[in-house]
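So that the names make sense, note that chain A is the first sequence line, chain B the second, and so on, each numbered from 1. Nothing here was measured: the structure is a model prediction, and the numbers come from that model.
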Protein chains: 2
Amino acid sequence: MADVKSGANPLFLREEELRQAMELLFFSYRDFTAEPDQILSHYGFGRAHHRVIYFVGRHPAMTVSELLDILRITKQSLSRVLSQLVREDFIQQRPGTEDRRQRLLELTEKGKKLESELIENQRRRIARAYRAAGADAVAGFRTVLYNLMDEDGRKRFDHIETLQPATVRR
Amino acid sequence: MADVKSGANPLFLREEELRQAMELLFFSYRDFTAEPDQILSHYGFGRAHHRVIYFVGRHPAMTVSELLDILRITKQSLSRVLSQLVREDFIQQRPGTEDRRQRLLELTEKGKKLESELIENQRRRIARAYRAAGADAVAGFRTVLYNLMDEDGRKRFDHIETLQPATVRR
DNA sequence: TTTTTACGTCAGCCATATTGACATATATAA
DNA sequence: TTATATATGTCAATATGGCTGACGTAAAAA
């Protein structure tokens, strides 16, 4: 109770701190994905569909390659999920204007509706956690997750100034 | 640069903050599990084996029911993975002393070696992130993840005073 | 003694990932 | 122009890790 930071000195990462971090990640991720998984199962979809819907919603006119790069799966794996989403009219494809080999991906209205349903669910959870934890904690949460990523993945967030090392440590 | 907390006011969870949280979780978890997955594949194991090894290592003499409760999978699913680990001498079982129906689970020496290998890998990543983020950020990271969990999962951490709401918010 | 609990197992199904091989259309470089 | 590289798709086979349902055994508890 005395010292909020007692277990957090990174220079002395003791067994308990280490395990605590691993378990917090495991359990929070488990719970974070459980409800969307539930929703998706009503549509006969799984977590893979969620990821595709999410990133296409995030980056309209995304190409297949970009999506593969984000998801880090093979095109064969993506193909099954993506073509299912296209077939059932959640996502639509159109040829690229500059490069007509590309299939630019967009959510249809139906896709946007599902996207909202999934996002709203997670929004509630995140809002609750952020509110309970407070603004300073949220900043710390974002900074640690950012640094947990590979160099490569961190680039994706480089436009966000509050995540940059220089601005984060006072 | 000006305001570290600019994007973190939980009362106004804007689209960008929401998406940022979702993506930080997705990418950091993806990268956090990628290397262990690599190691495990050398043994012909997957992430499911990792989870079993981890929690048995964490709680020696754990029963099968406790493990099922943590992992939230069916006993049939666990059975395949667990019996493989027992067969290949990573985990050993012994009857409970009080209740002889139970099979108490323990890591063998071989199991402990694999556990260390996996933990050491993640320790480096966590240590790096903690060091880069700083102690305050670490406290925030832990607090947010804690609150992201279901009520139920949070109980697992209730013995850790630095995660309790009263002590976390000044 | 009966019922419940802890655990295991068999059989079959499904989702999601993999690798390898091959095809097509289009862009780009020689 | 021709050759090569790229973006995408698809077929086939395989593996992992979930699931449900059914059934069985040993031991605890009522």
Side-chain angles (χ1 to χ4, degrees), chain A residues 26 29-30 33-34 36-56 61-88 91-106, chain B residues 26 29-30 33-34 36-56 61-88 91-106:
Chain A
F26 172 73
Y29 199 80
R30 184 193 66 178
T33 51
D37 285 354
Q38 261 308 106
I39 295 170
L40 289 155
S41 73
H42 298 327
Y43 295 83
F45 294 154
R47 202 174 294 178
H49 301 83
H50 188 177
R51 294 193 283 253
V52 172
I53 292 265
Y54 177 84
F55 285 109
V56 172
M62 173 171 248
T63 67
V64 172
S65 320
E66 284 163 356
L67 195 48
L68 286 174
D69 193 53
I70 285 179
L71 300 178
R72 301 232 178 122
I73 59 176
T74 58
K75 64 177 174 173
Q76 294 90 330
S77 297
L78 174 59
S79 167
R80 196 169 1 102
V81 170
L82 182 56
S83 56
Q84 197 180 345
L85 287 167
V86 169
R87 207 180 319 119
E88 298 181 26
I91 285 180
Q92 82 181 78
Q93 298 174 314
R94 56 183 170 82
T97 43
E98 314 256 291
D99 185 337
R100 292 189 312 177
R101 291 170 306 177
Q102 298 177 334
R103 312 284 174 97
L104 305 186
L105 307 172
E106 313 262 12
Chain B
F26 171 73
Y29 199 81
R30 183 194 66 178
T33 51
D37 285 355
Q38 261 307 107
I39 296 170
L40 289 155
S41 73
H42 298 328
Y43 295 82
F45 294 154
R47 203 174 293 178
H49 300 83
H50 188 177
R51 294 195 281 256
V52 171
I53 293 264
Y54 177 84
F55 285 110
V56 171
M62 173 170 252
T63 67
V64 172
S65 321
E66 285 163 354
L67 195 46
L68 285 174
D69 194 52
I70 285 179
L71 300 179
R72 301 231 178 121
I73 57 175
T74 59
K75 63 178 175 171
Q76 294 90 329
S77 296
L78 174 59
S79 169
R80 200 164 359 115
V81 171
L82 182 55
S83 56
Q84 196 181 346
L85 288 167
V86 169
R87 206 180 319 119
E88 298 182 25
I91 284 180
Q92 82 181 77
Q93 298 174 314
R94 57 184 169 81
T97 45
E98 315 254 292
D99 185 337
R100 292 187 311 177
R101 290 172 304 180
Q102 297 177 332
R103 312 281 174 98
L104 306 186
L105 306 172
E106 312 262 12

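- Considering only side-chain N and O atoms, Thr74(A) lies nowhere under 4.0 angstrom from the phosphate OP1 or OP2 of dA17(C).
- Taking every heavy atom of both residues into account, Leu40(A) and His50(A) meet most closely at CD1-CB, 3.5 Å.
- If you check distances only, the side chain of Arg101(A) does reach the base of dT6(D) with a donor-acceptor pair under 3.5 Å.
- The CG-P distance, from Leu85(B) to dG8(C), rounds to 13 Å in whole Å.
- Proximity of Arg103(A) to the phosphate of dG9(D): a side-chain N or O atom is located under 4.0 Å from OP1 or OP2.
- The distance between atom CG of Asp69(A) and atom P of dT8(D), rounded to the nearest whole Å, is 12 Å.
- Counting any heavy atom pair closer than 4.0 Å across all strands shown, Gln84(A) reaches no nucleic acid atom.
- With Phe26(A) as the partner, the ring-ring contact (aromatic ring centres under 6.0 Å, His included) test is satisfied by one option alone out of Phe55(B), Tyr54(B), Tyr29(B): Phe55(B).
- Atom NE2 of His50(A) and atom C1' of dT16(C) are 16 Å apart (whole Å).
- If you find the closest nucleotide of DNA chain C to Thr97(A) and to Val81(A), the one lying nearer the 5' end belongs to Val81(A).
- Heavy atoms of Ser83(B) sit nowhere under 4.0 angstrom from any nucleic acid atom.
- Across all strands shown, Arg80(B) has heavy atoms under 4.0 Å from base atoms, whether or not it also approaches the sugar-phosphate.
- Of the side-chain N and O atoms in Ser79(B), none sit less than 4.0 angstrom from OP1 or OP2 of dG8(C).
- Distance CD (Gln102(A)) to C1' (dT6(D)): 10 Å, rounded to an integer number of Å.
- At least one side-chain nitrogen or oxygen of His49(B) sits closer than 4.0 Å to the OP1 or OP2 atom of dG17(D).
- Each of dA7(D), dG9(D), dT18(C) was ranked by its minimum atom distance to the side chain of Ile73(A); first place goes to dT18(C).
- Here the closest non-hydrogen pair linking Gln84(A) and Gly44(A) is NE2-O, 4.1 Å.
- Contact check for Arg51(A) versus Arg47(A): side-chain heavy atoms found under the 4.5 Å cut-off.
- The distance between atom CZ of Arg87(B) and atom P of dT9(C), rounded to the nearest whole Å, is 9 Å.
- Of the side-chain N and O atoms in Gln93(B), one or more sit less than 4.0 angstrom from OP1 or OP2 of dG8(C).
- Across the protein-nucleic acid pair, Phe45(A) atom CZ and dT16(C) atom C1' stand 15 Å apart, rounded to whole Å.
- If you check every strand for non-hydrogen atoms under 4.0 Å, Glu66(B) touches nothing.
- Put simply, Ser77(A) has no side-chain N or O that comes within less than 4.0 Å of OP1 or OP2 on dT16(C).
- Atoms CD (Gln76(B)) and P (dC13(C)) sit 16 Å apart, rounded to a whole Å.
- Going from atom CZ of Arg100(A) over to atom P of dT26(C) covers 5 Å, rounded to whole Å.
- Without hydrogens or angle criteria, His42(B) side chain to Ile39(B) main chain gives no donor-acceptor distance under 3.5 Å.
- Contact annotation: the side chain of Thr63(A) never approaches that of Leu105(A) to less than 4.5 Å [non-hydrogen atoms, C-beta and beyond].
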